**Q** 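There's a structure below that I have some questions on.
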Amino acid sequence: MTSKPRNLLLTLDAFETLFHPRPSVPEQYASAAHHFGLPQTAITPDRVRTAFKPVFQAQSAARPNYGRDDVLRNRYAGPRQWWAEIIRGTVLQALTTTTTTSSSSTSNTNNEKKIDLPDGLVDYLLDRFASKDGYALYDDVNPFFSRMRTLKETTGRLGPFDRVLVGVVSNSDDRVPAVLKSLGLRVGDCRADEGVDSMRLSGFEERGASSSSSSSSSDVVNDIDLVITSYEAGVEKPNPRIFEVAMRQAMALAGTAASGDWTCVHVGDDWEKDYQAAVGAGWEGYFLAREADADGRNVVRSLVDLIPVLEAYR
């Protein structure tokens, strides 16, 4: 009697798990502002850092998940507009912040209305943070994918698993695939497909008929087979539905092999939104603690350390 094939779906968080801003976001905002002629004395990384948090929180509350619901109602332009409003709000707030506490919030608001940002600044930052210009991979990422790529190109096996699919599950907008590609990783075409309308979501990535299927016609072995973002999936971690979307897409990608047994594993740097969320969805979870003070069976210090853990599965 032939046993069913064993499939592994391994998903990874993106931001602060695979890549990180380099230099910091406030430093990049300030440097761009100076490049476009705004005064260095007014736009400093510290002022940007102070301004960014409340602007980001207000935007997240007003238009959750990058304004997805409003996009589907044709009332909003999606992540690019979402982030453009944050950039404008952050820079304007930094410009109108003084070193004294005499300015009221009302006067700041009035000042913001009178200030025009330099042409090109917002688009420059939008494009920068959609590519390798704004980010760097962690040191363990390329060695990890190099090992995984070798496995895929040779036996295709990892420990007891006959087939391995690697994905990204991220509370992000659709820039993630472009950032990963720009950083040198091979990324397949499979995305979330929560309803017909979601394939027409406006965003950074060009969508077409191939966006919900794999690039199976190519001989290229992908490092990342599928990317599931909260913007496209319609829910954010720790909601278990985003993991259900990832599982459904992986099974569609696997085709005839989908009838085998599946083990699902998610890894990320956020204890609640990655480890606990995965466990809550019925998956195995691992907390990536490169520098955090954490120990335990489901804690790894490096993505490379994850490989022998998976090889030891029974």
Side-chain angles (χ1 to χ4, degrees), residues 7-21 135-152 158-159 161 163-192 214 221-233 236-240 242-247 249-250 253 262-281 283-292 294 298-311 313:
N7 302 304
L8 171 65
L9 172 58
L10 171 64
T11 63
L12 309 162
D13 179 46
F15 187 76
E16 301 291 359
T17 293
L18 295 177
F19 57 82
H20 60 93
Y135 304 98
L137 294 173
Y138 285 99
D139 291 341
D140 57 334
V141 172
N142 273 324
F144 168 78
F145 280 112
S146 178
R147 289 277 304 275
M148 296 299 292
R149 193 182 307 133
T150 299
L151 289 170
K152 287 184 174 184
L158 175 62
F161 302 109
R163 177 169 182 168
V164 179
L165 291 179
V166 180
V168 164
V169 176
S170 175
N171 286 353
S172 306
D173 60 63
D174 67 327
R175 284 179 299 175
V176 170
V179 171
L180 293 169
K181 290 176 184 178
S182 182
L183 289 167
L185 296 177
R186 302 171 184 173
V187 182
D189 293 330
C190 187
R191 306 286 181 264
S214 71
V221 175
N222 292 318
D223 296 310
I224 297 169
D225 300 295
L226 62 154
V227 177
I228 308 298
T229 66
S230 60
Y231 178 59
E232 291 162 304
E236 299 180 330
K237 297 176 294 183
N239 191 315
I242 195 170
F243 294 98
E244 295 169 8
V245 172
M247 181 64 209
Q249 293 300 86
L253 205 53
W262 284 86
T263 297
C264 299
V265 177
H266 179 73
V267 185
D269 70 297
D270 190 299
W271 178 260
E272 177 188 357
K273 294 180 181 179
D274 289 310
Y275 171 70
Q276 290 186 329
V279 173
W283 291 32
E284 287 284 332
Y286 287 90
F287 177 51
L288 179 60
R290 288 191 178 95
E291 298 178 0
N298 287 63
V299 175
V300 292
R301 294 289 176 183
S302 162
L303 289 177
V304 176
D305 294 342
L306 186 66
I307 295 175
V309 173
L310 296 172
E311 287 176 331
Y313 267 57

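Just so we're clear, the structure is a prediction, and the values are computed from it rather than from any experiment.
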**Q** Could Arg163 and Asp225 be called an ion pair, given the rule that one side-chain N must be under 4.0 Å from one carboxylate O?
**A**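 Looking at Arg163 and Asp225, the cut-off is not met.
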
**Q** Evaluate whether atom CG of Asp305 has more than 12 neighbouring non-hydrogen atoms of other residues, nucleotides or ligands under 6.0 angstrom away.
**A**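 Check passes, neighbour count above 12.
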
**Q** Taking the side chain as everything from C-beta on, heavy atoms only, tell me whether Glu232 gets closer than 4.5 Å to Ser172.
**A**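 No, side chains not in contact.
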
**Q** Short question: side chain of Asn171, backbone of Ser230 - any donor-acceptor pair under 3.5 Å?
**A**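 No; judged by distance alone, with no hydrogens or angles, the pair does not exist.
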
**Q** Parallel, tilted or perpendicular: which fits the ring planes of Tyr135 and Phe19, with parallel below 30° and perpendicular above 60°?
**A**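 Taking Phe19 first and then Tyr135, their aromatic rings stand perpendicular (interplane angle over 60°).
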
**Q** When you measure from the side chain of Arg301 to the backbone of Leu288, do you find a donor-acceptor pair of N or O atoms at a distance under 3.5 Å?
**A**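 Answer holds: no.
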
**Q** Might you point out which heavy atoms bring Ala14 and Val176 nearest each other, and give the distance in Å?
**A**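 Answer, listing the atom of Ala14 first, then Val176: CB-CG1, 4.1 Å.
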
**Q** Kindly indicate whether the side chain of Asp223, heavy atoms from C-beta on, has any atom under 4.5 Å from the side chain of Met148.
**A**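 No, too far: nothing below the 4.5 Å cut-off.
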
**Q** Distance check, rounded to the nearest 0.5 Å: Gln276 atom CD versus Asn298 atom CG?
**A**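 Rounded to the nearest 0.5 Å, the CD-CG separation comes out at 11.5 Å.
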
**Q** What's the shortest heavy-atom distance between Ala278 and Gly285, and which atoms?
**A**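 So the two residues come closest at CB-CA, 4.0 Å.
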
**Q** What distance do Leu12 atom CG and Asp269 atom CG have between them, rounded to the nearest 0.5 Å?
**A**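 CG of Asp269 is found 11.0 Å from CG of Leu12.
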
**Q** Rounded at 0.5 Å granularity, tell me how far CZ in Phe144 sits from CG in Leu137.
**A**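 Rounded to the nearest 0.5 Å, the CZ-CG separation comes to 12.5 Å.
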
**Q** Looking only at heavy atoms, which two atoms of Val245 and Ala192 are closest? And how far apart?
**A**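 For Val245 and Ala192, the tightest heavy-atom pair comes out as CG1-CB, 3.9 Å.
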
**Q** Does Lys273 come within less than 4.0 Å of Asp13, counting only side-chain N to carboxylate O?
**A**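 No, no charged N to carboxylate O under 4.0 Å.
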
**Q** What's the shortest heavy-atom distance between Asp173 and Tyr231, and which atoms?
**A**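 Smallest interatomic distance, heavy atoms only, reads CA-CB, 3.8 Å.
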
**Q** Rounded to the nearest 0.5 Å, how far does CG of Leu185 lie from CZ of Phe145?
**A**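 CG of Leu185 is found 5.5 Å from CZ of Phe145.
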
**Q** On the 0 to 90° scale, with breaks at 30° and 60°, tag the Tyr138-His20 ring pair as parallel, tilted or perpendicular.
**A**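 Aromatic pair Tyr138/His20 classed tilted.
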
**Q** Taking it one step at a time, do Val141 and Leu183 satisfy side-chain contact (heavy atoms from CB on, under 4.5 Å)?
**A** CA-CA 11 Å; Val141 172; Leu183 289 167; over 6 Å; no

**Q** So does Leu303 get a backbone contact from the side chain of Asp140, meaning a donor-acceptor N/O pair under 3.5 Å?
**A**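 Yes, the answer is positive, given that a donor and an acceptor are paired below the 3.5 Å cut-off.
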
**Q** If I compare all heavy atoms of Ala250 with all of Leu226, which pair ends up nearest, and what's the gap?
**A**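 Minimum heavy-atom separation between Ala250 and Leu226: N-CD1, 4.2 Å.
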
**Q** Between Leu165 and Asn7, is a side-chain contact (heavy atoms from CB on, under 4.5 Å) present by the stated rule, with each step listed?
**A** CA-CA 8 Å; Leu165 291 179; Asn7 302 304; over 6 Å; no

**Q** What do the steps show when you test Val299 against Tyr275 for side-chain contact (heavy atoms from CB on, under 4.5 Å), and what is the final call?
**A** CA-CA 9 Å; Val299 175; Tyr275 171 70; over 6 Å; no

**Q** Excluding sequence neighbours, so at least two apart, what forms salt bridge (charged side-chain N to carboxylate O under 4.0 Å, His left out) with Arg147?
**A**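 Result, salt bridge (charged side-chain N to carboxylate O under 4.0 Å, His left out) vs Arg147: none returned.
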
**Q** If you round to the nearest 0.5 Å, how far is NE2 of His266 from CZ of Phe243?
**A**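 Spacing of CZ (Phe243) from NE2 (His266) equals 4.5 Å.
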
**Q** Of all the heavy-atom pairs spanning Lys152 and Asn222, show the shortest one and how long it is.
**A**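 Looking at all heavy atoms of both residues, the closest pair is NZ-O, 3.0 Å.
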
**Q** Output, in order, the C-alpha distance, side-chain angles, deciding distance and verdict of side-chain contact (heavy atoms from CB on, under 4.5 Å) for Leu9 and Trp262.
**A** CA-CA 7 Å; Leu9 172 58; Trp262 284 86; 4.0 Å; yes

**Q** Okay, side chain of Thr11, backbone of Val168: is any donor-acceptor separation there less than 3.5 Å?
**A**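 No; judged by distance alone, with no hydrogens or angles, the pair does not exist.
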
**Q** Return the NZ to CD1 distance between Lys237 and Ile228, rounded to the nearest 0.5 Å.
**A**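 These two atoms lie 12.0 Å from each other.
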
**Q** Scan side-chain atoms only and decide if Asp174 and Thr229 contain a donor-acceptor pair under the 3.5 Å cut-off.
**A**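 Not at all, the side chains of Asp174 and Thr229 share no donor-acceptor pair under 3.5 Å.
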
**Q** How would you list all residue pairs meeting side chain to side chain donor-acceptor pair (under 3.5 Å) that involve residues 176-188, not counting sequence neighbours?
**A**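 The answer is none; no pair qualifies.
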
